[in-house]
Amino acid sequence: MAGQHGEVGALDRDRARLRTEPWAPPVRAACRSTCLHSPGHPATAVPTQRRRLRNGLPGLPFWGRYLSASANYTAATLQRPLTRVVKRVRSDMADHDKPIAVLVVHGIGQQMPMDTLRSLVTNVFGSRPDGSARQVFSKVDRDSTFLDLRRLVLPAGEGRGRVDFFELYWAPVMSNGSAGAVILWGTRTILRRARGRQMAAIVRAIRLYVLALVILSVGLLLLVRGSPWWSYLVPLAPLAAVLWTLVRGWGRSLITEALADAARWFSPRPQDITERDRVRQLGLDLLRDLHRMEDGRQRYGRVIVLGHSLGSVVAYDVLRLAFDALRAPADMPNRGRATRLEERQPAAWHFAEEARRLEVTGDAARFQYFQSQLHREQSLNGVPWLVTDLITLASPLTHADDLWSTKVANFDHRVEDNEYPTCPPQGEVQHSEALRIETETVSAVPGGEGRIAFYRKVDDGPLIAHEASPFASTRWTNLYIPMRQWLAGDPVGGPLAPTMGKGVRDIAVNPTTKRWSVRWLPVRAHTAYWDRDEGGLGVRQTRAGSTASRSESGAAALIENGGGRRSLPDTVSELARVIDLDRKPAPPFSALGGTRVEGAPPER
C-alpha cells in the first residue's frame with residue numbers, strides 16, 4: 001500500500017505542476033505513463049485514465065486540450081494499421097529470404113538416383129538468361145531414405161533465398177510387373193469406349209496401327225498364293241515380329257519395367273496395394289521433413305512440388321494425403337481477437353465468390369493470383385502448409401476419366417466424394433442446418449447452401465480449409481506437349497482443366513530440342529520436356545556449369561492445331577518461368593478490389 005500511495009502522491013504532484021507549468025514535456029510524459037500503467041490507483045481505473053487522456057490533459061486551456069486530444073486520437077487510430085503494415089513488411093522480407101525447397105518426382109521405368117533431378121536442374125537452372133553459368137552445388141541429403149541421393153543447391157542471391165532441390169526417388173520400391181497383366185490392362189483400355197477426347201484419339205490411332213498390320217499380312221498372303229505351303233508362313237512374319245518384341249525382346253522390358261508401373265497404379269491388383277502405399281509413404285515422410293521446424297521456425301518459406309509423367313500422379317497423391325495433417329493452425333491464433341473474421345481472413349471468407357467467378361470466366365491466371373494471396377493469408381494465420389505450387393509435366397491425369405473409373409464408381413463420383421481433390425476444391429456438403437447458418441458466407445454456392453471449402457470450429461475462427469482442399473491455396477500449373485497425328489508429340493500428357501478443374505492452368509509447349517526423333521516419332525516427346533541442344537542438334541546438356549544458352553527459336557516454334565498454326569513457348573524457358581524462384585509474396589486480398597491490385601495478371 002505504501003508503494004501505491006507513493007505513486008498517487010507523485011501523480012498528484014505532477015498534476016499540480018501541470019496546472020502551473022502546462023508546457024513541461026518531461027512531466028507530462030511521466031504523468032501519461034503513470035496514468036496508463038498504474039493498475040493500483042485507488043481512485044480511478046485504467047480505462048478511465050485512458051478516456052481522460054483521449055479528452056486532453058487536465059489543466060490545459062481549451063485549445064490545448066483539443067490539440068492534445070486530437071494528437072492522441074490520431075496516434076491511436078494509426079497505431080493498429082501501421083503495426084499491421086510493419087509486421088507484414090517484416091514477415092514478407094523474412095519469408096522472401098527463407099530457403100525454397102523444390103521436390104522433383106520422377107516418372108516410370110528403371111530410373112537411376114539423381115538422373116532426373118540432375119538433368120532438370122542443369123538444363124533449366126544451370127545457366128542464366130544471358131548465357132552465363134550459374135553455379136550449382138551438390139550437398140548431402142540428410143532427409144533421404146536412400147544414401148545415393150544428394151541435395152542440389154542454388155546459393156542465395158538474385159533477390160531470393162537459397163534453393164534446395166530434392167528428389168522423391170521411388171523406383172526401387174516398385175518391383176517388375178507381369179507382362180500378361182499389362183497387356184490385359186492395355187487391351188481392356190483400348191477395347192472399351194473412351195470417355196476422354198484425347199484417349200479416344202489414342203485408341204483410334206492404335207486401332208489404325210493394328211489394322212495396317214493386318215492389311216500388310218493379308219497383302220503378303222495374296223502375293224504368295226499358289227506357292228509351296230511353307231510360303232504361306234511369310235504373311236505371318238509381321239505378326240510374329242510384333243509378338244516376339246512384346247514377349248521376348250526389348251518390348252518385354254518396356255512392359256514389365258515401365259508400363260507395369262502405370263498399370264499397377266491406375267488399375268492395381270490386391271498384391272500391388274502394398275508397393276503403391278510404400279511409394280506414397282516415402283513422399284509423405286519427405287514432405288513432412290520439409291515442413292519440420294528448426295529453432296522455432298519452419299525450415300523453408302516455400303515448397304514447390306514438380307512431377308513428370310507418372311511422377312505427377314505420385315505427387316498429386318502425396319499432396320492430397322499430406323494436406324490433412326498440415327491444413328490447420330496448431331494454436332488457433334485468431335481466437336479472442338476483436339476484429340471480425342471476414343476482416344482477419346478476407347481471402348478465405350470470399351473463396352466461394354472467387355471460385356464462382358472462375359467457373360464463369362475460366363481465367364486460371366487470375367485465380368492463381370488469388371491463390372497466392374490466400375496462401376499468404378493462411379500462413380500469417382499460423383497454417384503450416386508450405387506447398388505453394390504443384391507443377392505437372394506430361395501428366396496422365398488428363399486421362400483420369402478413363403484410368404480412374406471402375407465398374408463400381410466412375411471418376412466423377414469419386415471426385416464428388418472428395419476422394420480425388422480438384423482445383424478449385426469441391427468442398428463438402430454441410431452436415432447440419434446450424435452449421436449451414438454459421439458458415440453461410442463461406443459456402444460454395446450463393447445463399448449458404450451446398451458445399452463448403454472452408455469451415456470454422458469456433459465462431460471467431462479461424463477459417464480452416466476442408467481436408468480435400470489442398471488446391472484452395474496451392475497453385476496447379478500443367479505443361480504438356482500437344483499430341484499430333486499418329487501419336488506424335490506426347491499422347492500421355494494433355495490439358496488437365498477438363499478433368500481436374502478450371503483452376504489448373506494448362507500451358508501447351510513445344511520441345512526445346514530440335515532432334516527429329518523428338519518431333520516425329522510416336523511418344524518420343526514424352527521424355528524430352530527439359531532436353532535442350534548444345535552447340536548442335538541431338539546433343540543433350542549434361543555437364544553442370546555449361547554456358548550453353550536456351551534455344552532462342554523455341555518461343556517461335558509452331559505446331560499444327562486444328563488446321564491452323566500457332567506459336568508455343570519452348571519447354572525449358574516456360575518451365576523456368578513457371579517454377580518462378582524469384583516470386584515475391586502477394587499483397588493482401590481486398591474484398592473491395594478483389595484480386596485487381598498492382599501486380600495481378602490482366603483480365604482475359
Side-chain angles (χ1 to χ4, degrees), residues 105 107 195-202 304-313 315-316 319 354-355 357-372 388-404 411 415 420-426 470-472 474-484 488-512 525-526 528-530 554-555 557-562 564-580 601-604:
V105 190
R195 296 167 58 90
R197 192 168 75 175
Q198 184 165 323
M199 179 62 78
I202 294 172
I304 302 170
V305 180
L306 185 149
H308 172 254
S309 185
L310 187 61
S312 67
V313 186
Y316 171 81
L319 292 186
E354 292 296 326
R357 182 177 297 173
L358 172 67
E359 290 297 322
V360 174
T361 64
D363 191 349
R366 184 186 190 281
F367 183 71
Q368 284 196 339
Y369 189 81
F370 166 74
Q371 287 179 298
S372 300
T388 59
D389 293 88
L390 170 64
I391 300 170
T392 53
L393 312 175
S395 178
L397 288 175
T398 189
H399 311 297
D401 275 343
D402 296 280
L403 299 178
W404 268 337
F411 177 70
V415 168
Y420 295 123
T422 56
C423 180
Q426 297 284 322
F471 302 110
T474 297
R475 314 189 320 169
W476 189 345
T477 306
N478 175 59
L479 272 61
Y480 67 96
I481 298 174
M483 184 184 76
R484 301 198 298 272
D490 182 14
V492 178
L496 298 186
T499 54
M500 307 309 296
K502 292 185 178 181
V504 181
R505 188 178 184 185
D506 289 316
I507 301 177
V509 292
N510 257 344
T512 301
H526 180 70
Y529 273 76
W530 52 83
L558 298 175
I559 65 162
E560 300 287 343
N561 183 42
R565 293 169 68 83
R566 60 191 177 97
S567 61
L568 294 179
D570 72 281
T571 52
V572 170
S573 299
E574 193 65 18
L575 186 56
R577 189 189 68 81
V578 167
I579 295 176
D580 194 10
E603 295 281 2
R604 291 182 175 180

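With hydrogens and angles disregarded, a donor-acceptor distance shorter than 3.5 Å links the side chain of Q371 to the backbone of F471. Judged by distance alone, with hydrogens and angles left aside, the side-chain atoms of T398 form no donor-acceptor pair with the main-chain N or O of G493 at under 3.5 Å. A donor-acceptor pair is defined here as one N or O able to donate and one able to accept, closer than 3.5 Å; no such pair exists between the side chain of E574 and the backbone of L568. Counting only distance, with no hydrogens or angles, the side chain of H399 and the backbone of V492 share a donor-acceptor pair below 3.5 Å. Looking only at distances, no side-chain donor or acceptor of K502 sits under 3.5 Å from a matching main-chain atom of L358. Looking at Y480, its side chain never comes within 3.5 Å of a backbone N or O of P491 through a donor-acceptor pair. Looking at S395, its side chain does come within 3.5 Å of a backbone N or O of L397 through a donor-acceptor pair.
No hydrogens or angles considered: nothing links the side chains of S312 and T392 as a donor-acceptor pair under 3.5 Å. Checking N510 against D570 by side-chain atom types alone, no donor-acceptor pair falls below 3.5 Å. One side chain, Q368 or T477, offers a donor N or O that lies under 3.5 Å from an acceptor on the other. Looking only at atom types and distance, the side chain of T499 has no donor-acceptor partner in the side chain of D401 under 3.5 Å away.
Counting heavy atoms from C-beta on, the side chains of D506 and V504 come closer than 4.5 Å. You'll find the side chain of P495 stays beyond 4.5 Å of the side chain of P482, heavy atoms only. In this structure, T388 and T474 have side chains that are not in contact, with every pair of non-hydrogen atoms separated by 4.5 Å or more. Counting only heavy atoms from C-beta outward, the side chains of D402 and F411 never approach each other to under 4.5 Å. Side-chain contact between C423 and M500 is absent, with no heavy-atom pair separated by less than 4.5 Å. At least one side-chain heavy atom of L496 sits less than 4.5 Å from a side-chain heavy atom of W476. Counting heavy atoms from C-beta outward, R475 and L390 have side chains that stay 4.5 Å or more apart. A heavy-atom distance below 4.5 Å is not found between the side chains of V572 and L575.
Note that CG of L310 and OH of Y316 are 14.0 Å apart. Values are rounded to the nearest 0.5 Å.
Below 30°, between 30° and 60°, or above 60°: for F367 and F370 the angle between ring planes is between 30° and 60°, a tilted geometry.
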Inset, instruction - Check the pair I391 / V305 against side chain to side chain contact (heavy atoms under 4.5 Å, CB included), numbers first and verdict last. - result: CA-CA 6 Å; I391 300 170; V305 180; over 6 Å; no
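Here the two rings, on H308 and W530, have centers that are under 6.0 Å apart.
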